[in-house]
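Here's the structure, in structure tokens; my notes come after.
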Amino acid sequence: MATHLSKLTSLILGTSLMATVASAAIGGELQKVMKARGLTENDIIHAAKTYTPSGGRDEFIVFSSGGQSGQIIVYGVPSMKILKYIAVFTPEPWQGYGYDEDSKKILAQGKIRGKSITWGDTHHPALSETKGVYDGKWLIINDKANPRLAVIDLNDFETKQIVVNPVFKSEHGGSFFTPNSKHILEACQYAAPYDNNYHPIEEYKETYRGGVTVWSFDPKIGRIKPKDSFTIEMPPYMQDLSDAGKGASFGWGFTNSFNTEMYTGGIEVGMPPFEAGMSRNDTDFLHVYNWKKLYQLSKNKKNVKVVNGMKVIPMSVAVANNALFLIPEPKSPHGVDVSPDGEYITICGKLDTHASVFKWSKIKKLIDNHEYAGKDPYGIPILDMKKSLHGQVELGLGPLHNQYGKDWKNGEIYTSLYVDSQIVKWNYKTLKVLDKVNVHYNVGHLCSMEGKSADPQGEYVISLNKLAIDRFNPVGPLHPQNHQLIDIRGKKMDLLYDMPIPLGEPHQAVAIRASKLHPEVRYKMGTNPKTGKMHVGKTLAGQEKIVRKGNKVYIYGTLVRSHINPERVTVNKGDTVIFYLTNLERAEDETHGFTVDNYNVHGSLEPGETVELKFKADREGVFPYYCTEFCSALHLEMMGYLMVKDPNKKYVSAQKLKMKKMSKAELKAEYEKTVAVNNATDAVIQSVVKFLKENHYEKYPTVKALVEDALDQYGKIAEQKKKADEAVKKGDYEKAILFENMIWQYMVKTADVGIRAKDLLVKKVATKQSPAAAAGERAFGEGGCGGCHVIGKVSSGPDLTGVLLRHENAEKWVKDFIMNPASKYNDPYVKSMIDYFNLKMPNQHMSEEEVKNIIEYLKWVDENANLF
Ligand code: K7E
Ligand code: CUA
């Protein structure tokens, strides 16, 4: 009745009046929150621009280097919610990375000269491209400290390959995909001899070398092909950041450098330090090379020499083939960024206040006309800087990196200013500065959305700051990094949000539109994710076994809620133990973890995955193993024992003490009790099932998936019931009780998922809450009403469903009662309630506004009474 009445009122009054009332309610609440937290209107706008409600999705996904952590950080924009750390060069226990055999093999690919390296200094992630546009398939990243590249599959966000550069001793200008992802450019950093021998520093110019490696990549399978790759020998100029040409400049690569002085330091022998000697010249060199031509040349043996298994094209060969040039650029440059159409190349020098914009068509003309300004000491032709430049523009102190905006055709570009701690928006065509925004503090890279692809998306720029200083709560001398989100949709840039990054110092980050990513939620049963193929240890339900071969013990096991099969494994001290474990789950997010205590192994088994754990059972004893991921209500029971016996020892039985046994009658009584509990549990399940069916759960895919998962668990009961009944027939009540208990376990699992499905369904089918009702629900919770009243249940106070139907002139009655409960303690109905619950409704000192909203909430409850 009340429901109909309120609907009628809203019809008569018209919805606009209702909306005004509702927004006034919110306004009041909002003002209160703003005042309490000291927030300005601008803060609220920024919050609204970034806030993503529970369950909401982001528009962009960012892959940020994890710096010294050797990992990659994945987060969403605009929410800045961290979603994942991808293990790359460093062991990561949660994902089992470095603790199971297959991931150990990936890490072992990164060994350098036989040595394991368990960390990495990640700098520049890159997303694979098709025709210069991000395709969401592969991600690569470099390790500066140990010259390596890693390939991550965006189908499951896991590292699949690590490749070591065998001639460089460090690298920085990696990794950059060419527009169709057929090649990856990786430039050296600190020049060193290509071979692994000692060469005195006095012979720096003769024996130390820089260079760029052009790796071949197969974008279909996502693997680097080392045999098809080659390195372009370059002078020891300390090559730095690079970029691959595209569009007009496709086939060419650009790499800058910062020590054309070829200074070799020597503080300890009285020489000025590196930093002084390396910035003596006014200009350094931009290296311009035709990697496409050189790739063809590298296929002919006579053009290459092979060093440490890597094909190297000598400088002389590259020069003779018109494929390597130098252009002076302002000293100690850092970023070099090719425009989306490949025509402009913007370079920023740390020690120069300008950005220099080079024009490809001008460079190309000089090359075609063999018009050189001179040659460097290694015979490489130098092109005239002025004749190559489109122009220069003064941006500020310490410009580092550039990213293009959506309106790049009209010149929109953003540059980070390290010393000034600013992001500057300018025009690389007209060479005008347009806007600056302060960041906190000392920005390194910046990341616009798809801003280095052929199709920049605009909207946001992230400032990857090197220092946080005072931005967050203090956590000791080592501060988090600070990524700041900037809205670039308006004329003025607008700083929206600070996100602390507590995992190493990220350098570059790349962003992709989220709709381009389609990762899996499960693997094909028995997959080895590291190879993508079926695992040799794949084990299906019913195939579990333990096989001994000499002193190797192979356990073919399975995990499914909530047991590990097998549950007991006995081996001899000194045996090598190999666990092959398959997660039989199909349900989304039903990951199981697995460890054997004290043996330093751990696997993370995503649905369908098989992992291998291997160790030598070198200590006698009893070692529990268990599932490490809280996967269901019976997660703690998901365990087993590894028992390691010393074959040279005699063990005396401890079974002297005879335990008192239950009588048959007692067992029968316990059996009947168990059956009764199961019947009662089943009744609850049936009521949930009825609710789900009546409300057409099958119409909602996410609910349907949960229901199917629940019914899958329920389906396993029949077999257990048969076993229980057989045991009863044989008079073995002990066994029957155990099977009945197993039935109960399946029921709990069914109920666990079923109730989740029901909650989800309720949200889908319930009528939409008005803002006032939503505010009322909040007030109900915050006011402590929920301590005694549970909607849909009699708790330590009466169920409030239908409360507005129970009293005459109910809204006023409820309002008076909440505002002044004592006034009604003598009302016969209230009196009877006080007697029944042995509690008096207390005065919670709610405001009138709150009470009004609570009544709206109670109306909403009544509208949906059938759902509770
Ligand atoms: Cu930190 Cu790209 Cu390695 Cu610049 S690099 S900041
Ligand atoms: Cu499986 Cu916990």
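Whatever order the structure lists ligands and atoms in, that order sets their numbers, starting from 1.
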For atom 1 (Cu) of ligand 1, what is the closest protein heavy atom, and at what distance to 0.1 Å? His507 ND1, 2.1 Å
Which atom name would you report as the N, O or S atom of His592 nearest atom 1 (Cu) of ligand 2? ND1
Flag the pair His445 / His401 as yes when their ring centroid distance falls below 6.0 Å, and as no otherwise. yes
Would you call the rings of Phe594 and Phe579 parallel, tilted or perpendicular, taking 30° and 60° as the class edges? tilted
Identify whether the distance between the nearest side-chain nitrogen and carboxylate oxygen of Arg522 and Glu588 falls below 4.0 Å. no
Got a sec: is His401 within less than 2.8 Å of atom 4 (Cu) of ligand 1 via an N/O/S atom? yes
Contacting atoms of ligand 1, where contact means under 4.0 angstrom from a heavy atom of His334: 4 (Cu), 5 (S), 6 (S)
Candidates Gln508, His172, Lys144 - the one meeting side chain to side chain donor-acceptor pair (under 3.5 Å) with His123: His172
Numbered atoms and elements of ligand 1 in range of Lys466, under 4.0 angstrom, heavy atoms: 1 (Cu), 6 (S)
Numbering as shown, the atoms of ligand 1 that approach Leu241 to under 4.0 Å (heavy-atom distance): 2 (Cu)
Considering only heavy atoms, does Lys144 approach ligand 1 within less than 4.0 Å through its side chain, its backbone, both, or neither? neither
Heavy-atom proximity to atom 2 (Cu) of ligand 1, picking from His172, His124, Gln508, points to His124
Can you see which heavy atom on Ala187 is nearest to which on Gln239, and at what distance? CB-CB, 4.2 Å
Just to the nearest 10 degrees, tell me the angle at atom 1 (Cu) of ligand 2 spanned by Met638 SD and Cys631 SG. 100°
Neighbour count >12 (heavy atoms, 6.0 Å) for atom CD, Glu719: no
